[in-house]
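Remarks on the structure that follows.
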Amino acid sequence: MTEYAGEPDRQDRKKIREAIKNKLSLVPEQPGCYLMKNREGTIIYVGKAKVLRNRLRSYFTGSHTIKTQLLVNDIVDFEYIVTANNMEALILECNLIKTYYPRYNVLLKDDKSFPYIKITNEKHPRLEVTRRVQKDKAKYFGPYPNPYAAGATKKLLDRLYPLRKCKTLPDRVCLYYHLGQCIAPCEYEVEQETYDKMVHEISRFLSGGHNEIEQELTRKMHEAAEELNFERAKELRDQIQHIDTVMEKQKITTTDSVDRDVFGFAVDKGWMCVQILYMRQGKLIERHASSFPYYGEAYDDFLTFVTQYYSENPALPKEVFLPAWTEGQPLASGSEAAAAVEAPTMEAHVEMVAEAGTAYSAGADPESADDPAEADDPAGSGSKADVKEALESWLKVKVHIPRRGLKKNMVDMACDNARVSLEEKFRLIERDADRTVKAVENLGQWLGLGTVRRIEAFDNSNIQGSDPVSAMVVFTNGKPDRKEYRKYKIRTVQGPDDYETMREVVRRRYERVLKEGLQMPDLIVIDGGRGHMSAAIDVLENELGLYIPVCGLVKDAKHKTAQLLIGDPAEVVPVPRDSQEFYLLQRIQDEVHRFAITFHRETRAKSMTVSQLDAIPGIGEKRRKALLKHFGSLKKIKEAEVADFKPLGIGEKLAGQILSALNGRNPDSPPEAEELQEEIRQADAD
């Protein structure tokens, strides 16, 4: 695997494989799309599958080509989105690729979107295939997942209905007229009734009336075969197949190009998962899942989530879809939800839309052209009958609670994905909980302490002794207890002295524990080696009279957990590096280091800002706050011009002094200040 901060060691690779293995066992055997991620969380590949579990497992088992192996080596995590059928997975894959541009996908330079068949709104209408829907009062049909089939159907319609083919009328009739595929408006007068009839027939064909034409073509195919005209029979057979392909319907992309958010939710074991499908320009491009415990009625808490979501998100779509709710009945998903409201199956829905038609005029009201089988009927929601009106009044957007049809299928898809996410969460929690409890028990056995339920870990952070801080994190039963975390600014130590810093922090922490009667830890973990351990043990035993086990975690050259030390003098505990106990120690060390370094950066940033601005004559606390509020950051103040300070009431002379002090060496600051800042910048870069 490629790692940006260097090649990962075998332990990292093994942890990644273990995490992927656990997640693979939870993938459902359903069609859908999957998104592969690298170590930085960037999506590097998007694919589709008839059976998600089988396809995803194939990446991590067996042998591969060099190209595929490069991809697999970069994968550290994956996500997936469940769809109702393979056609939806195909279209969703296309939308996701266009959204994320994964480096391992084939990125087409053309064919930017699915094609539509268009009847132009002109005096002499034309039939064409286009990938752009415009508000030009033309009629659009689609989108069609298969561009070749769309083109072939357009050619078929050209043979059946001889509309003009030229973009500009020529001076004389062209070859299409002689082939019987154009009525030659360039040469002959064509009545409007003729055009209206052909446009109506084409619209009927593309809106589901293709069955009659298919029957006619089938009859002609049999006649050609009986006459031994096999080439003509094959041509007719291909045309029938193209019609079948192009008339396939799906719900991942709609024809109205409306921006909408589709909500679905699932509940289980006191937890709720809300899934939001983001449809932009009629295409599903992204989804977001939130899982949280809920304590009231499920639908009420779901609506609370929706309102909070939009209060924090002012970018509203044109429409919002919400699931229906039957009073006193838990929300079903998938086929159960469809059965609860007597909704048609996906196959029945395809036939229904094909019969009713999907055409619309661009620029017309999208509601009039949407799925005719859909009905916004919130009456089934019992006491929630006013939900739709209340949200519409508040959000000022159209809110749907669909009961059947295409929009209902969209909501079902969101509910299905919410249910899958929640099931996966619980199964992962169960596995992690079992392993964590076992790891805590085994770690105590390795150390000869029994079960270590409460662990307190310490780490120091400073740069050449500047802004020294320390931090403590607490793990209870193998899990972080963030309410118990503590931060320490070092008070007595001058210069970069890690051992004395550790003495001060341990002294301050356990003096307070003794004074306030707080809970004692079963184990103290020190991020450091023998010297750090000795400093902590000396303070605990010789100053405070406490005999708490202390262990140290030593890092290797790659800054990874390498050894566990315990005792005085310290000895190495041979914990296997591929064990859950060692993994628990790694989590503790990584967490305390993260907490300490974050606190140090916050402290350092404040001290640098205060020292640089306050050291300038004429800049007091009031002006410093005004400068930071006006410009936003110290960096932007440095990049400002003298004139930019005028709105703050700062004259040219003082503005020049500010810029000179920030961009050069401040005469009132010691010469070491600039060197210290350079050291800090270099440390951040490292």
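Residue numbers start at 1 and run along the sequence shown.
- For the residue pair Pro323 and Tyr299, the shortest heavy atom distance occurs at O-OH, 2.9 Å.
- A pairwise comparison of heavy atoms in Leu92 and Thr83 identifies CD2-CG2, 3.9 Å as the closest pair.
- A salt bridge does not link Lys425 with Asp268: every distance from a Lys NZ or Arg NE/NH1/NH2 to an Asp or Glu carboxylate oxygen is 4.0 Å or more.
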Counting only pairs under 3.5 Å, give me each side-chain donor-acceptor contact of residues 75-82, with atom names and distances, residues two or more places apart or in other chains.
unit_1 : atom_1 : unit_2 : atom_2 : d
Asp77  : OD1    : Lys23  : NZ     : 3.1
Glu79  : OE2    : Lys37  : NZ     : 2.9
Tyr80  : OH     : Glu424 : OE1    : 2.6

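- Counting only heavy atoms from C-beta outward, the side chains of Ile119 and Tyr140 never approach each other to under 4.5 Å.
- Considering every non-hydrogen atom in both Pro480 and Arg587, the closest pair reads CD-NH2, 3.9 Å.
- With hydrogens and angles ignored, the 3.5 Å screen pairs no side-chain donor or acceptor of Thr598 with any backbone N or O of Phe595.
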Any chance you could lay out the side-chain contact (heavy atoms from CB on, under 4.5 Å) test for Met413 and Lys408, step after step, and finish with the verdict? CA-CA 9 Å; Met413 179 178 173; Lys408 176 63 167 61; over 6 Å; no
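- Across every non-hydrogen atom of Val320 and Pro317, the tightest pair is CG2-CG, 4.0 Å.
- The two residues Ala289 and Ser421 have their closest heavy-atom pair at CB-OG, 4.5 Å.
- The closest side-chain heavy-atom distance from Ile276 to Phe305 is below 4.5 Å.
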Is there a salt bridge (Lys or Arg N to Asp or Glu O under 4.0 Å) between Lys118 and Asp136 once you walk through the steps? CA-CA 11 Å; Lys118 172 183 177 181; Asp136 53 4; 2.9 Å; yes
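- Atom-to-atom distance recorded for Cys415:SG and Asn417:CG is 9.5 Å, nearest 0.5 angstrom.
- Side-chain contact between Leu584 and Val440 is present, with at least one heavy-atom pair separated by less than 4.5 Å.
- The distance from the CG atom of Asp481 to the OG1 atom of Thr476 is 4.0 Å, given to the nearest 0.5 Å.
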Phe321/Phe263 under ring-ring contact (aromatic ring centres under 6.0 Å, His included): CA gap, chis, key distance, verdict: CA-CA 6 Å; Phe321 290 178; Phe263 285 83; over 10 Å; no
Would you sort out whether Lys139 and Ser203 count as a side-chain contact (heavy atoms from CB on, under 4.5 Å), showing the intermediate values? CA-CA 8 Å; Lys139 286 193 173 184; Ser203 300; 3.9 Å; yes
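- With rounding to the nearest 0.5 Å, the separation of OG in Ser290 from CD in Gln275 is 9.0 Å.
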Using the side-chain contact (heavy atoms from CB on, under 4.5 Å) rule, take Leu322 and Val399 through it: C-alpha gap first, then chi angles, then the decisive distance, then the call. CA-CA 7 Å; Leu322 301 178; Val399 177; 4.0 Å; yes
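- Here the side chain of Arg260 pairs no donor or acceptor atom with the backbone of Tyr278 at under 3.5 angstrom.
- Using a cutoff of 4.0 Å between basic side-chain nitrogens and carboxylate oxygens, Asp74 and Arg103 are scored as salt-bridged.
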Can Lys48 and Arg55 be said to form a side-chain contact (heavy atoms from CB on, under 4.5 Å), step by step? CA-CA 8 Å; Lys48 63 181 181 302; Arg55 175 63 59 83; 5.5 Å; no
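- For Asp590 and Arg594, the salt-bridge test fails: no basic side-chain N is under 4.0 Å from an acidic carboxylate O.
- A pairwise comparison of heavy atoms in Leu163 and Met198 identifies CD2-CE, 3.4 Å as the closest pair.
- Aromatic ring orientation, Tyr59 versus Tyr34: perpendicular (interplanar angle above 60°, classes split at 30° and 60°).
- To the nearest 0.5 Å, atom NZ of residue Lys407 and atom CG of residue Asn409 are 12.5 Å apart.
- Distance check: Phe302 CZ to Cys273 SG gives 11.0 Å after rounding to the nearest 0.5 Å.
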Take Thr120 and Glu122 through the test side chain to side chain donor-acceptor pair (under 3.5 Å) and record every step on the way to the result. CA-CA 6 Å; Thr120 63; Glu122 299 173 283; 2.7 Å; yes
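- No donor-acceptor pair under 3.5 Å is formed between the side chain of Thr42 and the backbone N or O of Asn38.
- Residues Glu319 and Lys398 are not paired through a salt bridge, judged by the lack of any N-O separation under 4.0 Å between the basic side chain and the carboxylate.
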Residue pair Glu591, Tyr485: steps toward the side chain to side chain donor-acceptor pair (under 3.5 Å) verdict: CA-CA 11 Å; Glu591 178 67 359; Tyr485 286 14; 2.9 Å; yes
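- Residues Tyr100 and Ile44 fail the side-chain proximity criterion, which asks for heavy atoms closer than 4.5 Å.
- By the 6.0 Å contact criterion, NZ on Lys15 is enclosed, its count of non-hydrogen atoms from other residues, nucleotides or ligands being greater than 12.
- The existence of a salt bridge linking Glu392 and Lys396 is excluded, since no basic side-chain nitrogen approaches an acidic carboxylate oxygen closer than 4.0 Å.
- To the nearest 0.5 Å, atoms CD1 (Ile202) and CG (Leu127) are separated by 5.0 Å.
- With respect to the salt-bridge test (charged N to carboxylate O, under 4.0 angstrom), the residues Glu201 and Lys197 do not qualify.
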